[in-house]
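Some notes on the structure that comes next.
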There are 2 protein chains.
Amino acid sequence: MARSYHHGALAEAMVEQALTEVRLHGADHVSLRGIAQTLEVSPSAAYNHFADKDDLLRAVGLCGLAALDERMTRVVAAHPGDTPEAARARFAGLGRAYLAFAIDETHLFQLTFGPLCAVGEMSPDETGPYLKLQAALDDVDRHGLLRPGVREGLDVTVWASTHGMASLMVEGAIPPEAGDVFIDSMSRLMFAEHA
Amino acid sequence: MARSYHHGALAEAMVEQALTEVRLHGADHVSLRGIAQTLEVSPSAAYNHFADKDDLLRAVGLCGLAALDERMTRVVAAHPGDTPEAARARFAGLGRAYLAFAIDETHLFQLTFGPLCAVGEMSPDETGPYLKLQAALDDVDRHGLLRPGVREGLDVTVWASTHGMASLMVEGAIPPEAGDVFIDSMSRLMFAEHA
DNA sequence: CTCCAATGTTGACAGCGTTCATACCATCTG
DNA sequence: CAGATGGTATGAACGCTGTCAACATTGGAG
């Protein structure tokens, strides 16, 4: 059946193949034709499943978001409990996971948060990373760890900071080792007493 | 002379044309052939001045950096003086200018800080924006406005925050109006007494 | 068993970046 | 003033791309 006229799961296969090629060479260097050839399928077969090339790449971008979300989920799971220490560990861990994702999966990160994917227009449940960050921030606040009067707008500020740090590291403007310095700096800014 | 066989200043003309097309449609939607056609020049003429298309786009990206730098220079000039108030105004103004640039020149911002341009490998004097931010941070610190023990790593943190905010606004993930909230939030985090 | 809708193919089109051989022409040399 | 030089532009060509319309094949529902 593997050799039959119909592929059976072309859509998933194309996303997967595109995903690995994006990981290797970046979104700009993947071609629909190349993917089709690797899958031993005619180039135009893709158009039964995707509106165009960008549509396929958007699907890959969603995989990137999912991968980031998974990393963050793991971090949350690794630091359970309702103690202040756990809350702080979760928060810092989430930041580190975000940066680690950007470094490990540079190309995927660029696609996911690039112009093609328009993160801004995603459905809320696809924006897991932001929600997790919000939750961690709430926990940290609930334990009274934040400096007073600092909470307003902090969700956005923290997300922006982390995302900017990740972006600049990906572009080579800031060396990857600076990640810890950043987390520390951010902690000093936010927390009442620095650990 | 305008009709002569030799153009005379093709390189500059191409960068300029590419710049306006990037501004309008984004770097992904400009073609070397299109630019050549607009300039009434053969497509291959470009290769006397640029190694390839990416090389031309990199030049455009530098224009973006210059434009940002110019905005920031204007801000510094608009708030002269060695008073604490002026220092704070300069600092906040620089942040706002960065965000405004990203919003006004979305496509240019994406190109300048995108994968193609590799901001990280630029010569130091091309990185004016970061230097200006550093200087403003020094001023603000010299006047004792910062919360104690917060200065270490703050250059990078502030740059990352602002850049991340700009990026997320550009991608549509955060609405442009949130800029002021961000500046306020950042101020609360950094400054000893909030204005 | 037949027909349908989904899925894949074939072939073509226009456009792209890039290259190579060639033509042009301002300027410097004799 | 003649001629060589070398930077600059041209033209045609190559291989590649995304995309489309017309056609072929198939599995499954009626």
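So you know, we letter chains A, B, ... as the sequences are listed, proteins then strands, and number each from 1.
Across the protein-nucleic acid pair, L10(B) atom CG and dC24(C) atom C1' stand 15 Å apart, rounded to whole Å. When rounded to the nearest whole Å, the span between CD of Q37(B) and C1' of dT10(D) equals 15 Å. Rounded to a whole Å, the CZ atom of R33(A) is 10 Å from the C1' atom of dA12(C). Atom CG in D28(B) sits about 17 Å away from atom P in dT17(D), given to the nearest Å. When rounded to the nearest whole Å, the span between CD of E40(B) and P of dT8(D) equals 20 Å.
Within the 6.0 Å centre-distance limit, the rings of F109(A) and H163(A) are counted as a close aromatic pair.
Applying the salt bridge (Lys or Arg N to Asp or Glu O under 4.0 Å) test between D138(B) and each of K132(B), R90(B), R151(B) identifies R151(B) as the sole match.
Contacts of G34(B) with the nucleic acid, taken as non-hydrogen atoms under 4.0 Å apart, are absent. Residue S31(A) is in sugar-phosphate contact alone, with no base atom involved, counting any heavy-atom pair closer than 4.0 Å across all strands shown.
In this structure, R74(A) does not pair ionically with D69(A), as no charged nitrogen and carboxylate oxygen lie closer than 4.0 Å. At a threshold of 4.0 Å, the pair R88(A)-D139(A) does not count as salt-bridged, since none of the basic side-chain nitrogens sits closer than that to a carboxylate oxygen.
Below the 3.5 angstrom threshold, one finds no donor paired with an acceptor across the side chain of D52(A) and the base of dG18(D). For dA6(C), the base has no donor-acceptor partner in the side chain of N48(A) [N/O atoms by modelled type, under 3.5 angstrom].
Proximity of S44(A) to the phosphate of dC20(D): no side-chain N or O atom is located under 4.0 Å from OP1 or OP2. Within the 4.0 Å cut-off from OP1 or OP2 of dA9(D), at least one side-chain nitrogen or oxygen of H49(B) is found.
When distances run from any side-chain atom of L32(B) to the nucleotides dG18(D), dG8(C), dT18(C), the shortest one goes to dT18(C). Among the nucleotides dT10(D), dT19(C), dG18(D), the one closest to any side-chain atom of V41(B) is dT10(D). In the set dT10(D), dT19(D), dT9(C), dT9(C) carries the atom at the smallest distance from any side-chain atom of S42(A).
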